[in-house]
2 protein chains.
Amino acid sequence: MNKCEQCIVRKLNSLGELTKDELVRISGCKSSDFVKKGEILFEEGDHINGVFCIKDGVCKVTKMSSNGREQIVKLVKKGDLLGERSLVSEEVSNLKATAINDMEICFIPKEEIVRDLKSNTNFTMSILKEMAVSLKEADNVIVDMAQKTVKQRLAETLLHLNKTYGSEDLDKPLDIQLSREDIASIIGTATESAIRLLSAFKKEKLIHLKGKEIYILNPKKLQHIAEGF
Amino acid sequence: MNKCEQCIVRKLNSLGELTKDELVRISGCKSSDFVKKGEILFEEGDHINGVFCIKDGVCKVTKMSSNGREQIVKLVKKGDLLGERSLVSEEVSNLKATAINDMEICFIPKEEIVRDLKSNTNFTMSILKEMAVSLKEADNVIVDMAQKTVKQRLAETLLHLNKTYGSEDLDKPLDIQLSREDIASIIGTATESAIRLLSAFKKEKLIHLKGKEIYILNPKKLQHIAEGF
DNA sequence: CAAAAAATATGACATTTATCAGCTTTTTTA
DNA sequence: TAAAAAAGCTGATAAATGTCATATTTTTTG
């Protein structure tokens, strides 16, 4: 089993605030796992009781609406933590996490992390900061969902994906493979509508599509569309 | 000026976790204020640098979308804290807060609160918990905005308002007066659409309207509508 | 590899929602 | 209190989006 204190991934999230001694202890109680594409990390109703640290891969975090459609609430990637909320809540999860591609993850039990949360101020403040950022982002998503058209939201989402999974090289596709259904589930629309708009963007040469590969050709124009022009 | 350590409102939020000594210190540096209906507490772009504790009244927290329409992100009422994010972020506010009715508020400067955040674990954990709850609620709103129809969202919103501002007595209206524009801005639709649906709900005897007063007559049926039936 | 299943794509149409115009009622202001 | 302004309401219509049907392509499976 790999050691947390030697793992580069910890530097990407709040775990980087832990001391060497704390990391050694965490290392001793954590479990590591490989998760295949399509497999479920946890579901709505599960007791999580710990935090996932994503070493590699991407998963989608979803919530089922009462209409019976799944909404992707966020994408979690290498370096991110998942399940922080379980640390300060006794409730079961209201979210489901599914691997988008093959993943490598670690799981740290709640009791161990909570210990540090109560003793290491830097760590706590870092978690607080992460939550604050998440809250701000959530507010932005709410406003977009409420006020923007599906077309604007698709443009927005493509730009967002480009920022996170795009390369400087315009000839390379986004480093994430989403189904059309996933894309629709991010922007909150019917799969057919997402497909239609993607086709329209392709026709306007804003993007290029090759199977599930997406090339962002004209981010500037996409930005204009996202802003309502 | 009133004293925090004697203020009942503190028991409604994380400030209740502070010790008597801490509260006395906070009391010495806080400022109190009355805010008239319609007045602005802070705007997008403002440096807040502190936390508001709402002693009385309600305010709407909004964000302007790039389309030029304001979206109400949440309503903040007596007992709530406002601006917690400023404690762990140097950024300017991305939100605007406007009084919905006459308010009485206290403002506690950031430096003072951050001191306690770093020394009083109970307080920090309480703030963490509040943020975790907010995050969960935000996820729910995102899913509703993305997946539900305007009609469903209106029903949902009425029930939500009923839970927070309703009385046990069905003959009494909700204890909050929102304009039709505000209601539209909560559910993310055009004012005319909100008015039309309110009229339809009234015709079906689910609610009763008398000016800005709203009476919830049939919460059960509203629940059904909110869930998509 | 062939058959079956799943995902993608597109058209036709129905439904939802926004927009604009005009009117009435309520609230504010001088 | 009268006039002006704002808010509320309703109808007509346009635009956006969802749904259903069906064809095609891609992926999975035996």
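Naming convention: chains lettered A, B, ... in sequence-line order (proteins, then strands); numbering from 1 in each chain.
- Residue K212(B) places at least one side-chain N or O closer than 4.0 Å to OP1 or OP2 of dG8(D).
- Counting to the nearest Å, the P atom of dT26(C) and the CZ atom of R180(B) are 11 Å from each other.
- For S199(A), the side-chain atoms get nearest to dT10(C) when compared with the rest of dC9(D), dT16(C), dT10(C).
- Rounded to whole Å, atom C1' of dA12(C) lies 16 Å from atom CD1 of I195(A).
- Here dT8(C) presents its P atom at 8 Å from CD1 of I183(A), a figure rounded to the nearest Å.
- A distance-only check finds a donor-acceptor pair linking the side chain of N13(A) to the backbone of G79(A) [under 3.5 Å].
- K210(B) has its NZ atom 16 Å from the P atom of dG8(D), to the nearest Å.
- Listed pair R196(A) / dT17(D) fails the phosphate criterion, with no side-chain N or O lying under 4.0 Å from OP1 or OP2.
- Rounded to an integer number of Å, the gap from CG of L198(B) to P of dC9(D) is 8 Å.
- Between K148(A) atom NZ and dA16(D) atom P there is a gap of 16 Å when expressed in whole angstrom units.
- Of the candidate nucleotides dT16(C), dG8(D), dG18(D), dG18(D) has the atom nearest to the side chain of T189(A).
- L209(B) has its CG atom 10 Å from the P atom of dT10(D), to the nearest Å.
- Atom CD in Q147(B) sits about 13 Å away from atom P in dT17(C), given to the nearest Å.
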Run the side-chain donor-acceptor check on residues 128-135 of chain B: report pairs under 3.5 Å with partners two or more places apart or on a different chain.
| from | atom 1 | to | atom 2 | distance (Å) |
| --- | --- | --- | --- | --- |
| E130(B) | OE2 | S14(B) | N | 3.1 |
| E130(B) | OE2 | S14(B) | OG | 2.8 |
| S134(B) | OG | E130(B) | O | 3.1 |

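- The phosphate of dA7(C) has neither OP1 nor OP2 within less than 4.0 Å of any side-chain N or O from T191(A).
- Of the candidate nucleotides dC9(D), dT16(C), dT19(C), dT19(C) has the atom nearest to the side chain of R69(B).
- The 5' end of DNA chain C is approached more closely, in terms of each residue's nearest nucleotide, by G211(A) than by the other of G211(A) and K151(B).
- In the interface, the side chain of E192(B) is not paired with the base of dC9(D) through any donor and acceptor atom under 3.5 Å apart.
- What you find for L206(A) and K221(A) is that their closest heavy atoms are CD2-CG, 3.3 Å.
- Here the closest non-hydrogen pair linking N67(A) and G228(B) is OD1-CA, 4.3 Å.
- One finds a salt bridge joining K60(A) and D182(A) here, because a Lys/Arg side-chain nitrogen approaches an Asp/Glu carboxylate oxygen to under 4.0 Å.
- Of the side-chain N and O atoms in R153(A), none sit less than 4.0 angstrom from OP1 or OP2 of dT17(D).
- The phosphate of dA18(C) has OP1 or OP2 within less than 4.0 Å of a side-chain N or O from S193(B).
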